[in-house]
Amino acid sequence: MNNQFEYKKIEKKWQDHWENSETVKCDLESDKPKFYNLCMYPYPSGDLHMGHIRNYTIGDVITRYKQMNGFNVLSPMGWDSFGLPAENAAIKTGIHPREFTEERIANMKSQIIRLGSLYDWDREVAAHSIDYYKWTQYLFIKLFENNLAYKEDAPVNWCNSCRTVLANEQVIEGSCERCDTAVEPKNLNQWFLKISEYSEELLEGLDEIGDWPENVKTMQRNWIGKSEGSQFELNIIGTDLTFDVFTTRPDTLFGMTFAVISPEHELINQIMEQSDKKDEIQNYLDSIVNKSEFERMSITKEKTGVDTTLKVTNPITNVEVPLWIADYVLVNYGTGAIMAVPAHDERDYEFAKKYNIEIRQVIIDKEKTINVDNEAFTGNGVLINSGDFNELNSHEEASKKINDFLVKNKIGDEKTTYRLRDWLISRQRYWGCPIPLINCDDCGLLPEKYENLPVLLPEIKDYINTDGSPLSKSKDFVETDCPKCSKKALRETDTMDTFVDSSWYYMRFLDPKNDNEPFESDFINEWLPVDQYIGGVEHAILHLLYSRFFVRALRDLGFMKIDEPFHNLFSQGMINFGGAKMSKSKGNIVDPESYFATHGADALRLYILFMAPPSDGVEWNDGGIEGTKRFLNKFWDNMVKIIDQKDTSDTFKSNDEEIERKINQTIKSITQHLEKFEFNTAVSDLMKLNNDLSDYLKEDNTIQIDLKDSILRNILILLYPMSPHIASEIFQDYFDRDISQEKWPTFDETKLENPVYELVIQINGKKRHALIVNTGIEEDEVKEICTTNFDIDFSNAKKVIFIKDKLINIVQ
RNA sequence: GCGGAUGUGGCGGAACUGGUAGACGCGCUAGAUUUAGGAUCUAGUGAGCUUUGCUCGUGGAGGUUCGAGUCCUCUCAUCCGCACCA
């Protein structure tokens with residue numbers, strides 16, 4: 001073996017080998033237990049960044065570790081290759097988004113291979129490829145035919161910079177998540193997927209799902225936003241207008257001193273007609289329209305409103321209370337209208353104070369610490385001023401009783417509301433999957449015939465269309481025949497949100513070349529859910545929630561029998577540089593590719609695993625990678641030395657036993673660490689073992705042949721998942737076979753225990769002495785040792801605590 | 001405001017069911033080697049002190065215990081997510 005660790009040569013050699021090897025070609029029908037290991041497929045930006053490196057290194061450790069544990073591992077890779085950057089580049093440079101994208105895929109793929117990760121490239125899929133988006137369209141039509149996709153006029157979020165609408169999930173603090181531009185409300189006819197139909201199921205599923213990070217589950221729960229309460233009707237006095245209000249606090253109903261309706265409520269025009277102050281209302285509504293969404297939603301903003309001069313009747317007291325229009329009531333939550341109870345709701349309180357509306361207290365806290373003259377009381381207490389309901393406990397008891405009253409009098413009922421809205425998937429952009437629907441004047445909205453799929457993206461020259469989708473500029477595309485009556489008809493010109501593509505890519509990986517259907521259901525039922533999904537936390541809501549919805553929808557359409565797409569989820573933390581998230585605009589990118597040249601893929605992988613627990617965010621540090629490079633050099637030296645040791649048939653020497661014990665301990669420890677995703681400590685175990693091996697090799701230069709084989713085999717396999725190139729090379733050099741076919745080592749229980757340990761002698765709980773003694777000695781012997789060595793007198797001890805093989809504590 | 005998480009040397013971080021705090025690595029100091037630098041090797045490296053040893057020390061304050069980074073109560077700080085959700 002070469003005395004120098006020539007990582008460039010070795011890494012190239014093994015990467016070429018893996019590209020063509022059968023090691024990771026997954027036969028879905030093998031007898032071995034299955035393990036679907038998946039890293040989130042990347043958007044092909046052109047270059048790997050450190051986040052990808054971390055993601056794929058973790059994934060590859062799992063792939064190789066599970067393979068050695070006898071699993072049939074499926075590890076595919078593909079491209080989330082529709083999306084805005086390619087189109088924006090096309091606008092700038094004129095290069096077609098397809099060409100742009102495919103160039104970047106090629107570049108990124110070569111970098112992924114350069115990292116040394118194993119993927120079954122025969123299964124590679126790309127969202128923009130015709131044989132992929134054909135099936136995206138197919139599934140969309142299935143959803144449409146089953147009323148899970150629909151088109152509707154709706155107020156939507158428009159990003160003027162990206163020139164498209166956005167899903168609620170893509171709006172962060174009132175701004176576009178991509179470009180930070182403040183979104184504008186617009187009323188547009190748009191496509192939605194009915195995710196809200198699955199609100200309850202998506203929520204409940206989180207309790208039964210496999211191992212997911214708690215914060216991701218919580219974020220999804222909050223996003224779904226379930227709340228339970230009552231809904232009842234209010235009638236506007238002197239009119240036949242009625243509207244519903246939703247409340248989680250029916251126990252405060254006697255305290256309702258006004259009602260509020262949202263400025264966008266569907267009754268708003270009729271209310272205005274009935275009002276004495278029509279002009280004032282009109283002025284108010286105009287002032288609202290001019291405000292940005294973010295401005296309106298901001299909690300710091302003072303609430304505004306206008307009195308309609310109309311009254312509604314409190315259904316339980318029959319008291320007449322004023323009806324207001326106010327912007328703090330959101331049209332798209334609940335019913336878009338509320339009963340206002342200022343005494344017991346902070347928002348209503350603030351509003352009532354500002355406009356001098358009556359505040360009527362109906363719940364009193366037992367300690368009487370809160371005075372509703374000064375602040376709202378939102379806690380638990382006892383009902384007052386509430387007629388027959390006085391003295392009941394709020395919330396539960398009183399809410400239940402009052403709700404019963406509403407039901408009995410046919411005014412209202414229990415109601416559960418969710419914050420989750422339907423998923424808006426229309427995008428007015430070019431580089432996405434065309435929505436395969438056709439508008440016929442006579443037949444209405446119809447899906448393209450299955451046999452005509454895919455609806456191909458047209459070739460166009462101008463990607464900018466200020467009023468509508470770029471696709472509408474292609475006459476050939478837009479003008480078509482009605483699938484039903486064959487008359488002239490028009491195609492939909494919007495494309496789909498790329499999250500539709502990524503909602504099912506992990507299904508296509510199971511059957512990527514199927515020409516007849518998106519996938520064979522048998523494969524799905526057998527291979528889903530994904531056993532281990534690994535990716536960044538930025539997808540906690542978007543992609544992960546959409547995919548969970550997709551599986552349920554397709555299940556109900558008969559495509560599969562599973563409920564959840566991803567059993568275990570691991571979210572890796574972000575890698576920062578200079579205290580900030582790496583980004584091109586900040587100019588603080590650390591380019592992983594340069595480290596392939598200067599340190600090698602193995603050193604980079606090892607460092608990225610070693611630098612921190614993988615779920616923590618961490619600061620990039622150049623010095624750290626020097627450390628893992630140094631480790632690999634020393635490791636190589638040790639391997640050369642041990643291979644060069646002369647064989648003897650001598651019985652074991654004491655240092656032989658010691659190194660054997662260390663190896664057994666390390667097998668146990670690394671196995672446990674890998675199972676728990678504690679890669680940083682797994683690497684540190686390897687470093688320790690390497691240090692021990694250095695000490696061992698200093699002592700003499702002979703070794704028993706079986707021990708030599710066992711040391712080499714075990715230590716190389718332990719390193720292999722994390723640094724596969726160097727481990728493969730040395731293993732092949734010495735054993736003349738491929739390490740990837742080896743079994744993960746087991747440890748020998750009898751060879752774990754150290755023969756001696758350092759006994760700690762404490763006096764009153766403080767460490768006073770320490771001494772190396774034989775493992776397993778009992779209390780009497782330990783006491784004797786204490787007396788002989790340290791002159792400790794046990795006769796006046798109040799208490800003696802003895803922990804076997806650890807310590808003795810003498811309390812005086 | 002609500003929810004989730006995290007606080008340990010100069011730095012990244014270890015510490016199994018309460019049992020020697022600081023493993024492993026970076027950095028730093030000294031020495032060896034080298035024409036020099038780099039690389040490598042050896043030793044040291046939580047703080048303080050009256051340095052054979054003692055005291056303090058895991059964000060802070062209490063508590064339980066023979067013994068607390070770990071358990072309990074309160075509190076402070078930072079990060080992330082949601083945010084007028086009725």
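From a predicted model like this one, the values you see are computed outputs, not experimental measurements.
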Nearest whole Å is fine: how far is B:U42 P from A:K634 NZ?
8 Å
Taking the same atom, P, in B:A15 and in B:G22, what whole-Å distance lies between them?
13 Å
Of B:A86, B:C66, B:A83, the nucleotide closest to the side chain of A:V811 is B:C66
Applying the 3.5 Å cut-off to both distances, the Watson-Crick or G-U partner of B:G57 turns out to be none
Straight-line distance of A:S386 OG to A:Q361 CD, nearest 0.5 Å:
10.0 Å
Taking the nucleotide of RNA chain B with the closest heavy atom to each, which residue, A:Q762 or A:Y607, is nearer the 5' end?
A:Y607
Nearest to side-chain heavy atoms of A:T681, which nucleotide of B:A15, B:C41, B:C24
B:A15
Nearest-Å distance once atom C1' is located in both B:A36 and B:C26:
26 Å
Let's test this: given Watson-Crick or G-U wobble pairing with both distances under 3.5 Å, identify the partner of B:A43.
B:U29
B:C56, OP1 or OP2 - any side-chain N/O from A:K766 closer than 4.0 Å?
yes
Would B:G12 be called syn or anti, given that syn covers angles within 90° of 0?
anti
Which nucleotide in the set B:U55, B:A5, B:C16 lies at the smallest distance from any side-chain heavy atom of A:E214?
B:A5
Is there a side-chain contact between A:N680 and the phosphate of B:C24, meaning an N or O under 4.0 Å from OP1 or OP2?
no
Could you tell me how far B:C28 sits from B:C76 if I compare only their P atoms? Round to whole Å.
40 Å
How is A:K698 classified with respect to the nucleic acid when contacts are heavy atoms under 4.0 Å: base, sugar-phosphate, or nothing?
sugar-phosphate
Protein-nucleotide distance (A:I803, atom CD1; B:G18, atom P), rounded to Å
11 Å
What is the distance from CZ of A:F631 to C1' of B:C26, rounded to the nearest Å?
16 Å
Under 30°, 30 to 60°, or over 60°: which ring-plane class applies to A:Y546 and A:W423, parallel, tilted or perpendicular?
parallel
Can you tell me how far C1' of B:C82 sits from CD1 of A:I224, to the nearest Å?
13 Å
Mind calculating the distance between OH (A:Y328) and C1' (B:G1) to the nearest angstrom?
17 Å
With the side chain of A:I338 defined as its heavy atoms from C-beta on, choose the nearest nucleotide among B:G12, B:A86, B:A15.
B:A86
Could you walk me through whether A:H395 and A:T248 satisfy the side chain to side chain contact (heavy atoms under 4.5 Å, CB included) test, starting with their C-alpha distance in whole Å, then the side-chain angles of each, then the deciding distance to 0.1 Å, before giving a yes or no?
CA-CA 9 Å; A:H395 307 165; A:T248 55; over 6 Å; no
So which atom in A:S196 and which in A:R421 form the shortest heavy-atom distance, rounded to 0.1 Å?
CB-C, 4.5 Å
Say you pick atom P in B:G63 and the same atom in B:G67; how far apart are they, in whole Å?
12 Å
Is B:U20 paired to anything, Watson-Crick or G-U wobble with both distances less than 3.5 Å, and if yes, which nucleotide?
none
Only pairs with both distances under 3.5 Å count, Watson-Crick or wobble alike; so what is the partner of B:U51 in this structure?
none
Can you say whether the rings of A:H543 and A:F499 are parallel (under 30°), tilted (30 to 60°) or perpendicular (over 60°)?
parallel
Proximal nucleotide (of B:C24, B:G4, B:C54) relative to the A:N215 side chain
B:G4
Return no unless some side-chain N or O of A:K354 is found under 4.0 Å from OP1 or OP2 of B:C84.
no
Against the side chain of A:R419, the closest entry in B:A15, B:A86, B:A83 is B:A83
Atom pair NZ (A:K634) and CZ (A:F631), whose distance is rounded to the nearest 0.5 Å:
9.0 Å
B:G69 to B:U8 separation - P atoms, rounded to the nearest Å
15 Å
Taking B:U58 as the reference, what is the distance to B:U20 when you measure between their P atoms (whole Å, please)?
15 Å
Can a side chain N or O of A:T218 be found less than 4.0 Å away from OP1 or OP2 on B:G81?
no
Looking at B:A23, I'd like to know if its phosphate oxygens (OP1 or OP2) sit under 4.0 Å from a side-chain N or O belonging to A:K688.
no
Record whether the side chain of A:N222 comes under 3.5 Å of the base of B:C82 through a donor-acceptor pair of N or O atoms.
no
Partner of B:G62 under the Watson-Crick or G-U wobble criteria, both distances under 3.5 Å, comes out as B:C72
Base-pairing mate for B:G1 - Watson-Crick or G-U, with both contacts under 3.5 Å
B:C82
Both A:N621 and A:D695 contact RNA chain B. Taking the nearest nucleotide for each, which residue is further toward the 5' end?
A:N621
A:I801 side chain, from C-beta outward: closest of B:A86, B:U42, B:C66
B:C66
Out of B:C56, B:U20, B:G13, which nucleotide sits closest to the side chain of A:E758?
B:U20
Expressed in angstrom and rounded to an integer, what is the separation of A:D685 atom CG from B:C16 atom P?
13 Å
I need the A:L718 CG to A:D685 CG distance, nearest 0.5 Å.
9.0 Å
Can you tell me if A:R630 touches the phosphate of B:G25, counting only side-chain N or O atoms and a distance under 4.0 Å to OP1 or OP2?
no
Is there a Watson-Crick or G-U wobble partner for B:G9 with both distances under 3.5 Å, and which nucleotide is it?
none
P gap between B:U70 and B:G60, integer Å
11 Å
Using only side-chain N and O atoms of A:N691, determine if any of them is under 4.0 Å from OP1 or OP2 of B:G25.
yes
Non-hydrogen atoms of A:T681 and A:H673 that approach each other most closely
OG1-ND1, 3.1 Å
Calculate the interatomic distance between A:N633 atom CG and B:G38 atom P; express it in whole Å.
18 Å
Kindly say whether, by distance alone, the side chain of A:K303 makes a donor-acceptor pair under 3.5 Å with the base of B:C84?
yes
Does A:G627 reach a base, just sugar-phosphate, or nothing at all? Heavy atoms under 4.0 Å.
sugar-phosphate
Taking the P atom in each of B:G19 and B:A68, what is the distance between them to the nearest angstrom?
11 Å
So what does A:P613 hit on the nucleic acid, given a heavy-atom distance under 4.0 Å: a base, only sugar-phosphate, or nothing?
sugar-phosphate
Report the distance from atom CD1 of A:I541 to atom P of B:G81, rounded to the nearest whole Å.
10 Å
Minimum heavy-atom distance between A:I777 and A:Y757, given as atom pair plus value:
CG1-OH, 4.2 Å
